[in-house]
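Every chain is numbered from 1 and lettered A, B, ... according to where its sequence line falls, protein lines coming before strand lines. Atom set for the values below is all heavy atoms of this structure, side chains included, hydrogens, waters and symmetry mates excluded. Quantities reported herein were computed from a predicted structural model and do not represent experimental measurements.
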Amino acid sequence: MSLRVHNSLSRKKETFKSITDGHVGMYVCGPTVSGESHLGHARPFITFDVIYRYLLSLGYKVRYVRNITDAGHFEEEGREAEDKISSKAVIEKLEPMELVQKYTNLFHWAMTQFNNLPPSIEPTATGHIVEQINMIEEIIKDGYAYVANGSVYFDVEKYNSDFSKKGQPYGLLSGRNIEEQQDTTRELENQDEKRNKNDFALWKNAPPEHIMRWKSPWGEGFPGWHIECSAMSTKYLGDEFDIHGGGMDLIFPHHECEIAQSTVCNHKTPARYWLHNNMITINGRKMGKSYNNVIKLSELFGGTHPLLTQAFHPMTIRFFILQTHYRSTLDFSNEALIAAEKGLKRLWEGYENLQKLRVTSNQQPETETDSKALKLLGEFDEFMDDDFNTAKVLANMFELVPIINGLKNKQLEADTLSPSTIQSLQQKFKIYLEDIFGLRGDSVDNEQLNGVLQLLINIRKEAKAKKDFVTSDTIRNELIKLGVQLKDEKDGTVSYSVN
RNA sequence: GGUCCGGUGGCCGAGUGGCUAGGCAGAGCUCUGCAAAAGCUUCCACAGCGGUUCGAAUCCGCUCUGGACCUCCA
């Protein structure tokens with residue numbers, strides 16, 4: 001069995017083979033910290049966190065690099081050239097780095113909420129200005145960039161004609177044909193500095209009012225958007241590394257440009273496997289700033305957005321995302337999240353029940369259920385090896401839940417499953433749910449609350465014994481209103497779950 | 001206009017030739033003082049029209065339709 005991944009470069013599933021045995025280098029495009037993260041941002045970071053975790057579970061030593069873009073991107077909206085961070089800083093009356101710090105902190109907070117593992121290295125663009133300048137100088141020296149009015153542009157035309165001969169034309173990743181694009185690119189004004197519409201900025205001359213600026217051989221300015229990823233991935237992962245990840249919307253132009261820059265400097269396509277997650281949509285439309293339809297993570301966790309009827313736990317979001325294959329769009333709605341919340345609750349309670357199952361008999365039954373369970377369990381690895389199909393693993397888990405609950409509630413014979421099957425279930429569920437999927441329950445380990453509830457449970461029990469159902473039902477119903485659900489177990493005990 | 005990807009039951013969503021996906025919601029039953037929880041059973045699909053095939057949600061063609069990228073974007 002071996003891992004197969006869908007490579008955007010070939011548009012096919014390929015068997016994954018790392019460049020260095022036992023090691024994987026993975027670069028994932030991180031956030032631009034000029035604003036608060038929204039639900040759409042959550043998807044890549046959760047997706048690649050699970051990929052990272054799965055690679056670790058396969059025994060790879062992984063260097064996972066995820067950048068923070070804290071040097072404003074050059075933005076072209078019609079004729080205006082604008083730096084996102086600079087302009088936002090002016091609006092919020094903050095020093096640019098103050099703004100960047102604020103949103104970096106918020107981003108890290110969200111990542112913690114999602115239980116994402118921290119990357120091995122989290123480099124910032126502003127911390128690598130020197131590397132970026134060096135790289136730009138190299139590209140100029142090789143003749144693939146030119147200086148104009150203190151800015152530097154990448155010469156896409158020249159790159160394409162030279163590298164096409166080597167089988168590396170510009171547009172390799174996105175399937176774009178540069179000749180065809182000439183006619184289809186939209187008219188942008190103030191583009192006279194560029195020799196060609198397809199050329200992109202490596203370095204941008206900073207106008208006097210621009211507050212984020214660095215000295216460079218070409219005057220004071222700031223780096224173009226694409227160069228930071230090339231510079232930082234090369235620095236920490238080398239000329240060629242295993243996996244480059246990000247959202248599908250980055251394929252063009254961002255990743256295409258990265259490939260061009262890195263190929264000039266390092267003479268290789270930087271990464272072997274390009275993995276891209278699909279978008280989260282809302283009413284069938286991509287959630288994005290430009291569409292003005294984003295739901296911020298803080299609004300989601302707090303239930304403060306008008307489209308939401310309640311707050312949603314970060315784990316619900318995580319589970320919601322994992323229920324879909326990462327390369328499919330995922331349509332968000334309040335209803336879908338509620339469904340995910342209930343599903344996760346059921347799954348997690350099944351998981352907890354499973355861990356409490358005691359192995360008593362030592363028989364090795366040949367029951368159909370036993371072999372079914374083993375089959376479902378065995379497929380976990382197959383599904384993950386098939387381009388990280390978390391959705392199918394979860395479906396199998398849900399098929400196992402009734403067996404687990406049936407055993408717990410004695411609706412199934414105690415020896416329906418063999419002890420070894422139960423142990424495999426316990427181990428595999430733990431590895432998958434906690435280590436690979438990164439899910440966790442909110443364990444209510446509150447002795448005070450537990451004590452209070454035990455008291456109420458005992459009072460209710462006494463009331464029931466006296467057939468005082470008014471009292472017993474009051475306790476049960478009032479607790480439900482407070483989010484505590486009492487469960488009368490088969491053996492006469494009472495347990496509870498807190499929402 | 002160019003490039004690409006979709007259209008699956010009330011909702012979300014797996015699935016690339018034959019086998020029940022799964023979750024949520026709905027219905028019935030068991031259990032229960034009544035419920036809840038749990039278990040069991042069950043209803044509701046593959047945009048349309050052709051074609052290939054013994055057999056298609058799955059392959060091919062056409063039509064309709066939604067979306068992404070081409071500009072910052074996860």
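Using a 4.5 Å heavy-atom cutoff, the side chains of A:Val65 and A:Pro119 are not in contact. Annotation: side chain of A:Val401 is not in contact with side chain of A:Leu354 (no heavy-atom distance under 4.5 Å).
Residue whose closest nucleotide on RNA chain B sits further toward the 5' end, between A:Met248 and A:Leu330: A:Leu330. Residues A:Lys467 and A:Glu489 each lie close to RNA chain B; by heavy-atom proximity, the contact nearer the 5' end of the strand is made by A:Lys467.
The nearest whole Å value for the distance from the NZ atom in A:Lys286 to the C1' atom in B:G66 is 16 Å. Distance NZ (A:Lys88) to C1' (B:C72): 14 Å, rounded to an integer number of Å. Note: CZ (A:Phe320) to P (B:C11) measures 15 Å, nearest angstrom. Atom-to-atom, CG of A:Leu407 to P of B:C40 comes out at 11 Å; the value is rounded to the nearest Å. Atom P of nucleotide B:G33 and atom CG of A:Asn477 are separated by 16 Å, given to the nearest angstrom. Taking atom NZ of A:Lys464 as the reference point, atom P of B:C34 lies 10 Å away to the nearest angstrom. Taking atom CG of A:Asn177 as the reference point, atom P of B:C4 lies 11 Å away to the nearest angstrom. If you take CE of A:Met287 and C1' of B:A74, they are 11 Å apart, rounded to a whole angstrom.
Residue-to-nucleotide contacts include a donor-acceptor pair under 3.5 Å from the side chain of A:Asp473 to the base of B:G33. With hydrogens and angles ignored, no donor-acceptor pair under 3.5 angstrom links the side chain of A:Gln485 to the base of B:A36. Within 3.5 Å, no donor on the side chain of A:Asn409 pairs with an acceptor on the base of B:A37, nor the reverse. One N or O donor and one acceptor, one from the side chain of A:Arg476 and one from the base of B:A35, sit under 3.5 Å apart.
Figure legend. B:A45 is base-paired to no nucleotide; pairs are counted as Watson-Crick or G-U wobble with both atom distances under 3.5 Å. Across all strands shown, B:G10 pairs with B:C24; the Watson-Crick or G-U wobble distances both stay below 3.5 Å. Summarising the base pairing, B:G1 is matched to B:C70 through a Watson-Crick or G-U wobble pair whose two defining distances lie under 3.5 Å. Summarising the base pairing, B:G39 is matched to B:C29 through a Watson-Crick or G-U wobble pair whose two defining distances lie under 3.5 Å. For B:G50, the paired base is B:C60 (Watson-Crick or G-U wobble, both distances below 3.5 Å).
Tested against A:Phe114, the residues A:Phe45, A:Phe301, A:Phe312 include a single ring pair (Phe, Tyr, Trp, His ring centres under 6.0 Å) partner, A:Phe301. Checking each of A:Arg195, A:Lys194, A:Lys204 against A:Tyr153 for a side-chain hydrogen bond (donor to acceptor under 3.5 Å, both in side chains) leaves exactly one that passes, namely A:Lys204.
Using a 3.5 Å distance cut-off with no hydrogens or angles, the side chains of A:Arg318 and A:Asn116 do pair a donor with an acceptor.
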Report, one pair per line, the protein and nucleotides 19-28 of chain B atoms (nitrogen or oxygen only) whose separation is under 3.5 Å.
from	atom 1	to	atom 2	distance (Å)
B:A25	OP1	A:Lys342	NZ	3.2

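The 12-atom threshold is exceeded at CG of A:Asn458, counting heavy atoms of other residues, nucleotides or ligands nearer than 6.0 Å. At most 12 heavy atoms of other shown residues, nucleotides or ligands fall within 6.0 angstrom of atom NZ in A:Lys410. Atom CD of A:Glu368 is surrounded by 12 or fewer heavy atoms from other residues, nucleotides or ligands within 6.0 Å.
Look at A:Ser174 and you won't find any side-chain N or O under 4.0 angstrom from OP1 or OP2 of B:C4. Applying the 4.0 Å criterion to OP1 and OP2 of B:G39, one finds that A:Asn405 has a side-chain N or O inside that range. A:Lys490 has no side-chain polar atom (N or O) that falls below the 4.0 Å cut-off from OP1 or OP2 of B:G39. Proximity of A:Lys408 to the phosphate of B:A37: no side-chain N or O atom is located under 4.0 Å from OP1 or OP2. For A:Arg327, no side-chain nitrogen or oxygen approaches OP1 or OP2 of B:C5 to under 4.0 Å. Between A:Tyr496 and B:A37, a side-chain N or O to OP1/OP2 separation shorter than 4.0 Å is absent.
The gap from the C1' atom of B:G6 to that of B:A47 amounts to 12 Å, rounded to the nearest Å. Distance noted for atom P between B:C64 and B:C19: 32 Å (whole Å).
Sorted by first and then second residue, the ring-ring contact (aromatic ring centres under 6.0 Å, His included) pairs involving residues 327-351 of chain A (not counting sequence neighbours) are A:Trp348-A:Tyr351.
Annotation: cation-pi pair A:Arg66/A:Phe48 absent, no NZ/CZ under 6.0 Å from the ring centroid and within 45° of its normal.
The A:Thr32 side chain lies nearest to B:A74 when the options are B:A74, B:G33, B:C12. If you check B:C34, B:G15, B:A38 against the side chain of A:His325, the one that comes closest is B:G15. Proximity note for A:Arg43 (side chain, C-beta onward) versus B:A74, B:A14, B:G2: the nearest is B:A74. Residue A:Lys289 has its side chain nearest to B:A74 when only B:G67, B:A74, B:C70 are considered.
A distance cut-off of 5.5 Å between ring centres, combined with a plane angle under 30°, leaves A:Phe45 outside any stacking arrangement with the base of B:A74.
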